[in-house]
Amino acid sequence: MIEVRNLYKSFGDKEVLHDINTKFEDGKTNLIIGQSGAGKTVLVQCLVGLLEPTRGEVLYDDRNFVMMSKKEKIAMRREMGMIFQGSALFDSLTVLENVRFPLDMFSDMTSKERDRQAQKCIDRVNLTGAENKYPGEISGGMQKRVAIARAVVMNPKYLFCDEPNSGLDPKTSLVIDELLSDITKEYNITTIINTHDMNSVMGIGENIVFIADGKAEWQGNKDLVMSANNKKLNDLVFASDLFKKVKEVENEEAK
Ligand SMILES: Nc1ncnc2c1ncn2[C@@H]1O[C@H](COP(=O)(O)OP(=O)(O)OP(=O)(O)O)[C@@H](O)[C@H]1O
Ligand SMILES: [Mg+2]
């Protein structure tokens with residue numbers, strides 16, 4: 001479990017995160033939702049140590065990440081898998097080399113073991129046969145799956161995904177959401193996904209934190225999100241394409 005306590009982040013005199021308190025649970029897809037500019041990416045970057053919080057605590061299974069030494073933080077990062085906006089693959093490496101990369105860097109496995117582990121993850125994301133292709137030769141959805149395989153190749157306890165569906169069509173987004181959700185369950189990972197995709201919210205939102213203007217305004221699951229008693233969240237939900245479609249269908253049926 002990851003627990004965030006009284007987390008603040010400012011850039012100069014601009015406060016971007018204000019007193020965030022929340023918990024992200026093991027074996028669950030935890031979603032951070034909110035409008036563009038709400039502070040989702042900054043929050044995740046504070047969680048993984050790419051940004052230093054102005055104050056507050058981030059506890060990884062009771063270990064306070066913020067207070068750790070540089071060495072301890074590097075060790076903690078080995079327990080984290082990350083998928084950032086865009087897939088950030090190495091263009092000059094093949095699919096297999098991309099997925100094997102973290103093992104080449106950080107594991108003491110033999111070359112054969114690294115290949116085997118990378119292949120296992122490639123198979124898991126249904127990319128068997130694409131091992132020797134380069135990122136430029138495969139679709140955006142396939143690139144995302146390579147990024148997922150690379151993020152889980154070290155068996156992380158925590159998985160961070162910033163807008164994993166950006167740039168993907170709705171059908172491919174669904175495949176990626178299901179894959180992330182299945183992998184989370186299979187390996188009992190604490191997964192945190194930033195999204196403003198309402199389809200994802202309704203599909204895999206087991207624990208949802210809603211952020212507006214840097215404040216955690218609401219927390220709940222997908223069954224509660226539609227009826228939440230929070231005006232800003234209602235506005236976000238009702239403005240979504242998904243909600244408009246639901247309304248259209250209801251209106252059609254009422255005729
Ligand atoms: N390095 C930085 N320096 C100054 N301000 C920043 C920095 N990074 C982010 N911000 C500001 O913090 C606020 C939150 O940005 P953030 O990227 O976290 O939003 P977001 O919720 O991820 O939005 P989106 O959905 O568009 O990705 C924005 O106002 C942004 O301009
Ligand atoms: Mg963002």
* Asked: Is there a chain of hydrophobic side chains (I, L, V, M, F, W, Y, each step under 4.5 Å between heavy atoms) that links I122 to L93?
  ->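 Yes, it is one cluster - the side chains of I122 and L93 are joined through contacts under 4.5 Å.
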* Asked: So if you build clusters from Ile, Leu, Val, Met, Phe, Trp, Tyr with side-chain heavy-atom gaps below 4.5 Å, do V4 and V48 land together?
  ->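 Yes; V48 is reachable from V4 via cluster members.
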Note, [X] side chain near [Y] side chain (heavy atom, < 4.5 Å):
X: V42; Y: L17; answer: yes
X: E97; Y: E131; answer: no
X: Y134; Y: D91; answer: no
X: V201; Y: F210; answer: no
X: I32; Y: L43; answer: yes
X: E3; Y: M1; answer: yes
X: D235; Y: K231; answer: yes
X: I193; Y: N30; answer: no

* Asked: What's the shortest heavy-atom distance between P53 and K9, and which atoms?
  ->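 So the two residues come closest at CA-CD, 4.1 Å.
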* Shortest non-hydrogen contact between L103 and A118, atoms and distance ->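 Smallest heavy-atom distance, with atoms named: CD1-N, 4.3 Å.
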* Asked: If you round to the nearest 0.5 Å, how far is CE of M82 from SG of C161?
  ->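 So the gap between those two atoms works out to 11.0 Å.
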* Measure the spacing between CD1 of I204 and CG of L179 and express it to the nearest 0.5 Å. =>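 Taking CD1 in I204 and CG in L179, the distance rounds to 10.0 Å.
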Kindly list each side-chain donor-acceptor pair under 3.5 angstrom involving residues 152-160, sequence neighbours excluded, with atom names and distances?
{"unit_1": "Y158", "atom_1": "OH", "unit_2": "D61", "atom_2": "OD2", "d": "2.4"}
{"unit_1": "Y158", "atom_1": "OH", "unit_2": "R63", "atom_2": "NH2", "d": "3.2"}

* To do: Measure the acute angle between the ring planes of H18 and Y8, then classify it against the limits of 30° and 60° as parallel, tilted or perpendicular.
  =>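 Ring orientation of H18 relative to Y8: perpendicular.
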* Asked: Any luck finding a side-chain donor-acceptor pair between D19 and N6 under 3.5 Å?
  ->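 Looking only at side-chain atoms, N6 and D19 do form a donor-acceptor pair, the distance falling under 3.5 Å.
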